[in-house]
Structures are given as C-alpha cells and as structure tokens.
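Quick note: residue numbers are just sequence positions, from 1. Only this structure's heavy atoms are used, side chains among them; waters, hydrogens and symmetry mates stay out. As the structure is a prediction and not an experimental result, all values here were calculated from the model.
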Amino acid sequence: MASQDWFEKDFYSILGVPSDADPKEIKKRYRKLARDLHPDANPGDTGAEQRFKEIGEAYAVLSDVEQRKQYDAVRAMSRGGARFTAGAGGAGGGAGFEDVFSQFFGGAGAQGNPRYSRGRGGFGGTTSQEAPDLDDLLGMFGAAGGFGGAPGGSGPGGGFYPGAGGTTQTGPRRGPRKSRDLHATATLSFTQAVAGDTVTISGVGGKTITARIPAGVKDGATIRLRGKGEPPTGISSEPGDLLLKITVRPHAVFTREGDNLLLDLPVTFAEAALGAAVPVPTLDGGSVKVRIAPGTPSGRVLRVKERGVHRKDGTSGDLLAKVQVVVPQRLSDEARDAVETLQRLDAGYDPREELTRKARTD
C-alpha cells in the first residue's frame, strides 16, 4: 500500500472500531470480519473480496504498535491543517512541505520553497525541481520500505491475508483459483508396477491422457498429474489436477516387501541335504543360479543381491528366495528302499526333543 493511502484511508472505520480501541478489540473485530468476508465463504463475490483486502490492510497497520503510532501521527497531521503541496504555499497561506519540516526537524530546509527528491542526501540537502515524494517523507518517520501490508512486508509482491483460525500471515497475495481436481484409476500388472510403464487413460471430455508410472509404484498409491484435471472456468484461471489411483494385480510367483521381491523356492530332500546349485526365476523372465548349502532346512531365505525393484535414484532391492523342501508324493520301490534305509540309520534320533523340552518350560 502506498504511503499516501495513510492520508486517505480511515482504518478504524474500515474495521468498525473507535480510534482508541485496544489491541484485543481490534483483533476480535478483524477475526469476525475475516470469517464473514473470506473469499472461500463468498465465491464469486467481488465486493466481499475487496472488503476482505481492505480489512487486511487495516489490521496490518493497527495490529502493529509502531505502525499504528506512525499512522495516528500522519492522520493527526492531515486533520491539523498542514497541507502537502507540490511547491510553495498557495493563496490563502496554505502550508507546504516546509511547514512539515519545520514541525518535525526544526525548520531545516524551509527556505525558498525547495522541492525534495529521494536519494540526494536526505531532506534539507540538495534540492531539485522534482515533485515531492511522500514515501521519502514518511520513510523519515520509520516506515522504511513503504507500508505495504503487515510488518516486514513491502513492495508490490507483498500482501496480507488471514490464515486458519483467524491468524494472520504475510506473503504473496492470493494467487488465481484452481479448478477442481479429478480422480481416475489405473490397473497395472505386477511386472508393470515394479519396472514402471506408460498408461493411457481417458480424461475430461474423453480426451486421451498419457501418464508415466514410475518404477516401484505400490498398490493403492496415488499419482498426481498436474494440470490434467478440470479445465479453467469463469472463476478460475488454472486447471485442476488429476489424481490417479493405482491398483496392482498380484503375481503368481512373486510378492513384494518394500523394494525386495520374494518367492518360495522348492528343493528336493537330496538337494537340501547334500547341497546343490539350483536356478531361481527372476521377474524379467530369466533366471539366476543360487547355491544350496548342505543341510539347508525349509524356511531358510537365500538372498540374490540387486534383483528386486530398481529405483530411479539407482538403488535396488534384492530377490529373496525362501527354501521349501518338497516331500515326494509317490515313491518308486527303489526310492522307498532308500528312505527306509535312512530311517534305520536315524533310529534313536528325535528331531522334536528340543521342542518338547521347551514346551514344558514355564
């Protein structure tokens, strides 16, 4: 807000409070008006929006002790008869700038009807033929940078608007309204979700939208496509966004835990007992060999490094293969003889002995 506005605007009347109102009364009144006039509560009402800006400007000054003092002083000068003119006191003896300098600075520079400009050594210094600048004058009273909103804010980019719960904030003025966000869904295969893919969906009015799905997207995730929502309308100048919810179909073999891929790896009793190198399938359709150590039990997890989800930042999860020892459903006579031989050799060994002992312990 330009400094000249302080001579023209009655902030007390704008807020509807007396000039001797205390800070608590000013704050209470502002909060009530802000709730009533907020643009979200009055969509499309330009009058309410303008009033909302006016009460914001008024509260920015009256809520700050120093700015309120300066504002009261300036308003007192304007009511006291000192007229701010561009040159010499005109007919009728009206006071010019020199009268103001005489009042505040002891008469410095009040000779010969000088005109003052900014950046030339201050008031009472070098004179010029430029018109007086009220910003410089009020800047001498402590309002450096002008009076554009709340304390600390200045310049055309500054502004004042209410925050949640009646609190106040300083910062850029409210930007253009956005249109509504729209929602859509996309179903991906497990492989597409892990590797990333491009999908095509139908947007507003049947318009085709192509969206890039990043590698590693999870089931239930939502991807925001900026500017792909509802197009601008009469009260909005920015399109909304499209919120794309992802559904991932389960895989017949693989599951996922974070960035790791998991699968169950069947092995024979002989492979688990004697050890072996067995192939493990990978999500890309290939396979990788893993070593089964002799005596490997069911449930042991074998890790294949960096064969899981590959992230854009270069990190990768692992492939985890959980060993499952397969018990044959039918045995040949020869195989049965071999198993019975092993049974005789294991006579006296009870694999459940430790389990039974622990179960009886309190």
Side-chain angles (χ1 to χ4, degrees), residues 157 163-164 169 171-172 174-204 207-232 236-267 277-293 296 298-324:
Q169 305 174 26
R174 195 181 175 92
R177 289 178 180 268
K178 286 179 56 178
S179 292
R180 292 182 304 169
D181 293 340
L182 301 181
H183 297 263
T185 60
T187 300
L188 306 178
S189 69
F190 188 89
T191 303
Q192 285 177 307
V194 170
D197 205 347
T198 299
V199 299
T200 301
I201 57 177
S202 180
V204 178
K207 181 180 179 181
T208 299
I209 298 175
T210 300
R212 175 65 187 171
I213 308 299
V217 67
K218 295 182 179 179
D219 182 58
T222 298
I223 297 175
R224 181 180 293 272
L225 304 178
R226 298 196 179 279
K228 301 299 184 180
E230 185 180 76
S236 64
S237 59
E238 290 186 5
D241 300 334
L242 179 63
L243 304 180
L244 183 62
K245 186 173 182 179
I246 303 298
T247 298
V248 179
R249 295 194 300 267
H251 197 281
V253 172
F254 298 92
T255 57
R256 182 174 171 185
E257 188 176 271
D259 286 343
N260 295 327
L261 299 181
L262 290 72
L263 59 78
D264 288 335
L265 178 65
V267 300
V278 300
V280 176
T282 54
L283 189 61
D284 60 6
S287 66
V288 59
K289 287 273 190 176
V290 297
R291 177 70 184 172
I292 306 294
T296 295
S298 275
R300 177 172 291 178
V301 176
L302 309 178
R303 184 182 297 270
V304 182
K305 292 284 189 180
E306 298 185 353
R307 287 302 184 102
V309 178
H310 294 268
R311 292 288 185 182
K312 186 169 61 175
D313 62 3
T315 61
S316 300
D318 300 330
L319 174 61
L320 306 179
K322 187 176 183 180
V323 172
Q324 302 289 345

**Student:** Closest approach of S179 and P231, non-hydrogen atoms and distance?
**Tutor:** OG-O, 2.8 Å

**Student:** Nearest 0.5 Å, what's the CG-CG distance between L263 and L319?
**Tutor:** 5.0 Å

**Student:** So, do P214 and I223 sit near enough that their side-chain heavy atoms are less than 4.5 Å apart?
**Tutor:** yes

**Student:** Hey, are the side chains of L261 and T282 touching, using non-hydrogen atoms and a 4.5 Å cut-off?
**Tutor:** no

**Student:** Can you tell me which residue among K228, H183, R180, K178 is in a side-chain hydrogen bond (donor to acceptor under 3.5 Å, both in side chains) with D241?
**Tutor:** K178

**Student:** Taking all atoms of both residues into account, what is the closest heavy-atom pair of L262 and E257, and its distance?
**Tutor:** CD1-CB, 3.5 Å

**Student:** Going by ring-ring contact (aromatic ring centres under 6.0 Å, His included), name the residues that satisfy it together with H251, two or more places apart in sequence or in a different chain.
**Tutor:** F190, F254

**Student:** Could you tell me the separation between the CG atom of L320 and the CG atom of L265, rounded to the nearest 0.5 Å?
**Tutor:** 12.0 Å

**Student:** Once rounded to the nearest 0.5 Å, what's the spacing between atom CG of D181 and atom CZ of R224?
**Tutor:** 5.0 Å

**Student:** Test of understanding: with salt bridge (charged side-chain N to carboxylate O under 4.0 Å, His left out), list the residues that count as partners of R249, not counting sequence neighbours.
**Tutor:** none

**Student:** Can you see which heavy atom on D197 is nearest to which on Q192, and at what distance?
**Tutor:** OD2-NE2, 2.8 Å

**Student:** So which heavy atom on G286 is nearest to which on D284, and how close?
**Tutor:** N-OD1, 3.0 Å

**Student:** Can you tell me which residue pairs pass the side-chain hydrogen bond (donor to acceptor under 3.5 Å, both in side chains) test with a partner in residues 307-322, sequence neighbours excluded?
**Tutor:** D259-R311, R303-D318, H310-S316, D313-T315

**Student:** Closest approach of L188 and I246, non-hydrogen atoms and distance?
**Tutor:** CD1-CG2, 3.8 Å

**Student:** Do the non-hydrogen side-chain atoms of I213 and L244 ever get within less than 4.5 Å of each other?
**Tutor:** yes

**Student:** What distance separates L225 CG from I201 CD1, expressed to the nearest 0.5 Å?
**Tutor:** 6.0 Å

**Student:** Please find the pair of heavy atoms, one from R291 and one from L302, that lie closest to each other, and give the distance.
**Tutor:** O-CD1, 4.2 Å

